[in-house]
> 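Before we start, here is the structure in question, set down as structure tokens.
Position 1 is the first residue of the sequence, and the numbers go up from there. In listed order, ligands and their atoms are each counted from 1.
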Amino acid sequence: MQTISADICTMSGQYSYPIYVGSNILSKHHLILPHLAQKKVAIVTNTTVAPLYLDRLIDTLEKNEVNSIPIILPDGEEYKNWQTLNQIFDALLTNQCERNTTIIALGGGVIGDLTGFAAATYMRGVPFIQIPTTLLAQVDSSIGGKTGINHDLGKNLIGAFYQPRMILADSTTLDTLSRREFISGIAEIIKYGLIRDHIFFEWLEKNMTRLLAREHKVLDEAIERSCKNKVEVVAADEREHGIRAILNLGHTFGHAIENAMGYGTWLHGEAVAAGTVLAAKLSERMHLIGNTEVERIKKIYLQAELPTIVPGLDTEKYLNLMGRDKKVERGNIHFVLLKSIGDATVCSDVPIEVLTEMLEECSINE
Ligand SMILES: NC(=O)c1ccc[n+]([C@@H]2O[C@H](COP(=O)([O-])OP(=O)(O)OC[C@H]3O[C@@H](n4cnc5c(N)ncnc54)[C@H](O)[C@@H]3O)[C@@H](O)[C@H]2O)c1
Ligand SMILES: [Zn+2]
């Protein structure tokens, strides 16, 4: 097992907590108990994850006289809303959860975001622990303190920054994850190599087959190196005023792809993979990288069995969709571009003609 120390510069000062990464660590009570403020916890999970891991967690806690209140929600992004949040509050109140009752999120990014927001607001903030069980949640969404829910008018529009007391990423829980969800999570892992860690990118090129086979040694290392990268970016810029924006590589195009395909048709990581190839092509047109790098980027996604092209790409439609993205400021679309593999930069002055030409070329050729 590895422990990563997250030392985040938050609005209320420096805040540190551990991230534990390893195989079969869900039943290691000594990792969880020191972070509990009282011998009572509420565990928020969903109908898919509960039958797989809830009993194991409850057992671990019960053996140490910790009383658990399970809160089992329906599964799906469509439940990341006010109604479900209220369901959590109802259960917390009915079970007399107090200001020092820890709330544990056991599940993927949807459960993590919902539970984190509930913890941030219940009794004006209660202790919170993340136990992420999807690859995306272990390497990305559980880290960084962004919590929240969706609104009918857009995703993740309501929320709070709220840091957990601890994150426990047990890679063995990923054994039950569908292959498609697992591969989708790999897109975010590749992202860390591309934006700031050339050596990690090379390691991924060499180890992709073993990662896809979920070999625990390789998987643990990939998760650990991803967590370290995310922590280092967020540590300096919790609220995304600057450097944190590089985490959005491929996401401006990716969100447009998710939207154009119809939400849920493409998984997030699939859209980010194809979106990153577009960002790489734009970087090439802006003379930041060459075609060799673009081809190398495409190759790693193909190795990971992720999509690299966008079928039926319609330039006008994509320009429109990107104009509506949250990351647009004062009419300028901000793109994360690559200066090399392992070095990203945020660019707000891509000429519209260059962007249009790149999209048109992709819509003709692919
Ligand atoms: N807070 C952030 O910084 C941040 C960053 C990225 C994404 N997100 C959010 O994360 C969400 C996506 O998260 P996700 O990709 O984990 O999706 P998810 O939470 O919907 O999980 C995907 C599916 O896998 C199931 N599942 C979870 N763990 C499992 C396991 N171990 N075995 C079998 N099935 C399992 C879930 O029940 C679900 O059906 C989105 O809502 C997105 O907005 C947040
Ligand atoms: Zn993402």
> About how large, to 10 degrees, is the angle OE2 of Glu188, then the Zn ion (ligand 2), then NE2 of His251?
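Centred on the Zn ion (ligand 2), the OE2/NE2 angle is 110° (to 10°).
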> Show your working on side chain to side chain contact (heavy atoms under 4.5 Å, CB included) between Thr101 and Asn95 and close with a plain yes or no.
CA-CA 11 Å; Thr101 305; Asn95 289 284; over 6 Å; no
> Under a 3.5 Å threshold, I'd like every N/O contact between ligand 1 and protein atoms, with atom names and distance.
residue  : atom   : partner : partner atom : Å
ligand 1 : 1 (N)  : Asp113  : OD1          : 3.0
ligand 1 : 1 (N)  : Ser141  : O            : 3.4
ligand 1 : 1 (N)  : Lys146  : O            : 2.9
ligand 1 : 13 (O) : Gly109  : N            : 3.2
ligand 1 : 16 (O) : Gly109  : N            : 2.8
ligand 1 : 16 (O) : Thr134  : OG1          : 2.6
ligand 1 : 19 (O) : Gly109  : N            : 3.1
ligand 1 : 19 (O) : Val110  : N            : 3.1
ligand 1 : 28 (N) : Thr133  : O            : 3.2
ligand 1 : 28 (N) : Thr133  : OG1          : 2.7
ligand 1 : 31 (N) : Thr133  : O            : 3.0
ligand 1 : 31 (N) : Thr173  : O            : 2.9
ligand 1 : 31 (N) : Thr176  : OG1          : 3.4
ligand 1 : 32 (N) : Thr176  : OG1          : 2.7
ligand 1 : 37 (O) : Asn46   : ND2          : 3.0
ligand 1 : 37 (O) : Asp75   : OD1          : 3.2
ligand 1 : 37 (O) : Asp75   : OD2          : 2.9
ligand 1 : 39 (O) : Asp75   : OD1          : 3.2
ligand 1 : 39 (O) : Asp75   : OD2          : 2.7
ligand 1 : 41 (O) : Glu77   : OE1          : 2.7
ligand 1 : 41 (O) : Glu77   : OE2          : 3.2
ligand 1 : 41 (O) : Lys80   : NZ           : 2.8
ligand 1 : 43 (O) : Lys80   : NZ           : 3.1
ligand 1 : 43 (O) : Asn156  : ND2          : 3.2

> Please find the pair of heavy atoms, one from Glu258 and one from Ala271, that lie closest to each other, and give the distance.
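Glu258 and Ala271 have their closest heavy atoms at CG-CB, 3.5 Å.
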> Please say whether the positively charged group of Arg214, taken as NZ for Lys or CZ for Arg, lies over the ring of Phe182, i.e. under 6.0 angstrom from the six-membered ring centre and within 45 degrees of the axis.
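Yes - Arg214 lies over the ring of Phe182, closer than 6.0 Å to its centre and within 45° of its axis.
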> Quick check on Arg239: does its CZ atom have over 12 non-hydrogen neighbours (other residues, nucleotides or ligands) under 6.0 Å away?
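Result for CZ/Arg239: enclosed.
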> Sequence neighbours left out, what pairs pass salt bridge (Lys or Arg N to Asp or Glu O under 4.0 Å) with at least one residue falling in residues 117-132?
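Passing the test, one end in residues 117-132: no pairs.
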> Can you confirm whether Leu52 sits close enough to Thr173 that some side-chain heavy atom of one is under 4.5 Å from a side-chain heavy atom of the other?
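Answer no - side chains too far apart.
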